[in-house]
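Structure first, commentary second.
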Amino acid sequence: MEQRKIKRIGVLTSGGDSPGMNAAVRAVARTAMFYGIECVGIRRGWQGLINSDFIILNGDMTRHILGRGGTILYTARSEEFMTEKGREKAVSTCKMLGLDGVVAIGGDGTFKGALELSRLGVPVMGIPATIDNDIGCSNYTIGFDSACNTAIDCIDKLRDTMQSHERCSVVEVMGRHAGFLALYVGIAVGATSVLVPEHELDFQKDVVEQIQNARLAGATHFMVVVAEGAGSAIDIGERIHEALGLDPRVTVLGHIQRGGAPTGRDRETATRMGYYAVKAFAEGRTGSIICTREGGIVEVPIEEALAMQKHLQMDRYEILRAIASVGH
Ligand code: F6P
């Protein structure tokens, strides 16, 4: 049977934004143009599909956005899309706009929505973009590298003042239920201790003894990095005060980690992912997430992708402990 020619696709960004989303939108729109496919930007994620909130993505719209943080398409977390009625409205918009497919850029919430939509007959491709790097099917998610570098930059600055005052700093980083961001950042800033949700906290061993060992080795300031999923930095600061008599300063980095220009890695990965998502449509394949594996790109069916899990590399945790315990 002859393959149906794809004429028009939609692209949206959904869930928490991440640096590099614009680079992915650009790659989707431009690859579509390359294949002679029209590209419609759906604004405000799945909610935009319900509300028929769109813009035509032409060449001009995709200029000067490769290195821009945030997302020009805006993003949202849609409650209405969780309902059957909301999804029916979204399908109607797809029909009204004549969309032959939708590229959804975001995290696992976005992909759950993508699966529901594909079950209603709309062809969908997904692109993983979240600073948490917590998508099981893909080694890497767009925005992780940028967020790590932003957090590293902030913590380097904190270190300057902590070192001058010979203080203890407790820094909370994002990551939702995962410790990928915290562990990577912790290693890169030479943290005294890193707390991640994947490791059950033994406060005495993981925090008190790490600080004591560093002190005995000559350190006069200490940096404790807490993944938001592992607990509150404020609580950890209080416990450090009680156990060791230190007067820690607590910093919650928060949404600053989601902003800023994407790094080269995020721009390059987003561009490849956007290209392959549209190429799949153009070649008649749908219903998958574009994932990175061993440096290359693979397509993983959405349902299978959602069931996959990715584990924190605990050897990195051991590396950090070993190196931190001999002081800064
Ligand atoms: O998933 C990205 C993320 O930044 C998480 O790290 C964080 O827990 C969450 O989103 C914050 O969400 P919001 O922007 O809705 O506060």
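Note that ligands are numbered from 1 as they come in the structure, with each ligand's atoms numbered from 1 the same way. For clarity, every value in this text was computed on a predicted model and none was experimentally measured.
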Residue pairs involving residues 199-220 (criterion ring pair (Phe, Tyr, Trp, His ring centres under 6.0 Å); sequence neighbours excluded): His199-Tyr317

Just to be sure I read this right, does ligand 1 sit under 4.0 Å from the backbone of Glu228, its side chain, both, or neither, counting only heavy atoms? side chain

How far is atom 15 (O) of ligand 1 from the closest protein heavy atom, and which atom is that? Arg77 NH1, 2.5 Å

Can you name the side chain to side chain contact (heavy atoms under 4.5 Å, CB included) partners of Gln163, sequence neighbours left out? His221

Return the residue, atom name and 0.1 Å-rounded distance of the protein heavy atom closest to atom 16 (O) of ligand 1. His255 NE2, 3.1 Å

Looking only at protein heavy atoms, which one is nearest to atom 1 (O) of ligand 1, and how far off is it? Asp132 OD2, 2.6 Å

Go through the steps to decide whether Tyr275 and Phe34 satisfy the test ring-ring contact (aromatic ring centres under 6.0 Å, His included), and finish with yes or no. CA-CA 10 Å; Tyr275 169 81; Phe34 171 78; 7.2 Å; no

Would you say Gly175 and ligand 1 have an N/O pair spaced under 3.5 Å apart? yes

protein heavy-atom neighbour closest to atom 10 (O) of ligand 1 works out as Arg258 NH1, 3.1 Å

Taking Val124 as the starting point, is it possible to reach Val91 by hopping between hydrophobic residues whose side chains are less than 4.5 Å apart? yes

For Glu79, look at atom CD and say whether over 12 heavy atoms of other residues, nucleotides or ligands are found less than 6.0 Å away. no

